[in-house]
Amino acid sequence: MDDIGELVRSGRGIRAICVITWNADRIRPWVTAMNPDVLGDGSDWKTLSPDLDPIVVEALRGLTLTVNHNNTISAGFEKDQVVGVLLAMRDARIPIDADAMQGWALAHGWAGKNPERLAQYVRDINGGKRPRARHVLRADYIE
C-alpha cells in the first residue's frame with residue numbers, strides 16, 4: 001500500500017492505475033476500500049478485508065473533512081486531530097486496524113505520506129504507545 005501511496009503522491013492527475021501484486025494480502029485493505037475493477041482471474045479477491053467498524057469509518061470521514069491534506073499529519077493541528085480521534089477510539093475500545101485504515105485513507109484521497117503515517121499511529125497505539133497531542137477529545141466523543 002505504501003507503493004500505491006507513492007504512485008498517487010508522485011503522479012498528478014492519475015485517472016487510472018493497473019496494480020499487479022505477487023502478495024494479495026499486502027493490498028487487500030486497499031482493494032476492499034477502493035472496490036476496483038478486477039481484470040482476469042479475480043479469485044484472490046473473493047475474500048476481502050473485514051469491514052471497518054462504522055464508528056471508525058465515520059471518524060475517518062470526519063478527519064478527511066477536518067485536516068488539511070496538503071499538510072503532514074506528523075505535526076501541528078493535523079497531528080492533534082488524528083491522534084486525538086485515534087486515542088478516543090482506543091479509549092472507547094473500538095478496534096482500529098492499521099492496514100484497513102491505511103487502505104481506506106488511500107481510497108479516499110489522503111495525500112502524501114499521510115495514509116502511511118496514519119497506519120503507523122494506529123500500530124503505535126495498538127502497541128500500547130500514547131502519542132502526544134495537544135487536542136484531547138472529551139470522554140463522551142465516541143458516544
Side-chain angles (χ1 to χ4, degrees), residues 1-40 42 44-45 47-143:
M1 285 192 295
D2 295 344
D3 293 334
I4 293 170
E6 179 66 30
L7 178 65
V8 172
R9 182 171 46 254
S10 63
R12 297 258 185 231
I14 292 177
R15 297 176 143 229
I17 61 173
C18 178
V19 178
I20 301 170
T21 183
W22 57 90
N23 182 352
D25 291 332
R26 297 271 320 219
I27 64 167
R28 192 171 310 281
W30 175 78
V31 170
T32 300
M34 196 68 184
N35 194 21
D37 292 330
V38 177
L39 306 176
D44 281 342
W45 310 113
T47 304
L48 297 176
S49 295
D51 288 336
L52 287 169
D53 187 297
I55 294 171
V56 174
V57 172
E58 197 57 39
L60 288 171
R61 284 184 185 141
L63 287 171
T64 300
L65 296 172
T66 303
V67 301
N68 180 346
H69 293 282
N70 291 319
N71 295 338
T72 179
I73 62 170
S74 296
F77 173 82
E78 284 72 19
K79 177 185 178 184
D80 291 341
Q81 293 298 305
V82 170
V83 169
V85 168
L86 294 175
L87 289 173
M89 287 191 290
R90 198 247 358 232
D91 292 346
R93 298 194 173 158
I94 307 291
I96 51 178
D97 179 277
D99 292 334
M101 291 174 76
Q102 181 180 7
W104 190 97
L106 281 168
H108 291 86
W110 284 46
K113 292 192 176 209
N114 286 343
E116 185 180 334
R117 188 66 189 132
L118 171 69
Q120 189 58 52
Y121 283 137
V122 173
R123 285 185 196 98
D124 289 348
I125 290 168
N126 285 339
K129 293 181 182 176
R130 189 171 181 92
R132 291 184 182 233
R134 293 174 294 191
H135 179 72
V136 179
L137 297 171
R138 295 187 330 249
D140 64 346
Y141 172 79
I142 298 297
E143 291 175 21

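The first residue in the sequence is number 1, and the count goes up from there.
The two residues K79 and S74 have their closest heavy-atom pair at CD-O, 3.5 Å. Across A98 and A119, no two heavy atoms sit closer than the pair CB-O, 3.4 Å. Among all heavy-atom pairs drawn from A133 and D80, the shortest one is CA-OD1, 3.6 Å. Across every non-hydrogen atom of A111 and P115, the tightest pair is O-CD, 3.6 Å. V83 approaches P131 most closely through the heavy-atom pair CG1-O, 3.5 Å. What you find for P95 and V56 is that their closest heavy atoms are O-CG2, 3.6 Å.
Judged by distance alone, with hydrogens and angles left aside, the side-chain atoms of N114 form a donor-acceptor pair with the main-chain N or O of N71 at under 3.5 Å.
In this structure, D37 places its CG atom where only 12 or fewer heavy-atom neighbours from other residues, nucleotides or ligands lie under 6.0 Å away. Counting heavy-atom neighbours within 6.0 Å of L39 CG, excluding the residue itself, gives a total of 12 or less.
Under the rule for a side chain to side chain contact (heavy atoms under 4.5 Å, CB included), the partners of D99 that lie at least two apart in sequence or sit in another chain are M1, P29, D97, Q102, R123. A search for side chain to side chain contact (heavy atoms under 4.5 Å, CB included) contacts involving N126 returns I96, V122, not counting sequence neighbours.
Rounding to the nearest 0.5 Å places CG of L87 at 12.5 Å from CZ of R132. Remark: E78 CD to N70 CG distance equals 9.5 Å, nearest 0.5 Å. To the nearest 0.5 Å, atom CG of residue L60 and atom CG of residue L65 are 11.0 Å apart.
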Verdict with supporting geometry, L52 and M101, side-chain contact (heavy atoms from CB on, under 4.5 Å) = CA-CA 8 Å; L52 287 169; M101 291 174 76; 4.0 Å; yes

Residues R90, D124; criterion salt bridge (Lys or Arg N to Asp or Glu O under 4.0 Å); working and verdict | CA-CA 11 Å; R90 198 247 358 232; D124 289 348; over 6 Å; no

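For residues 83-105, the ring pair (Phe, Tyr, Trp, His ring centres under 6.0 Å) pairs, not counting sequence neighbours, are W104-H108.
Counting heavy atoms from C-beta outward, L86 and L118 have side chains that approach closer than 4.5 Å. Contact check for L63 versus W110: side-chain heavy atoms found under the 4.5 Å cut-off. A heavy-atom distance below 4.5 Å is not found between the side chains of K113 and T72. The closest side-chain heavy-atom distance from H69 to T64 is below 4.5 Å.
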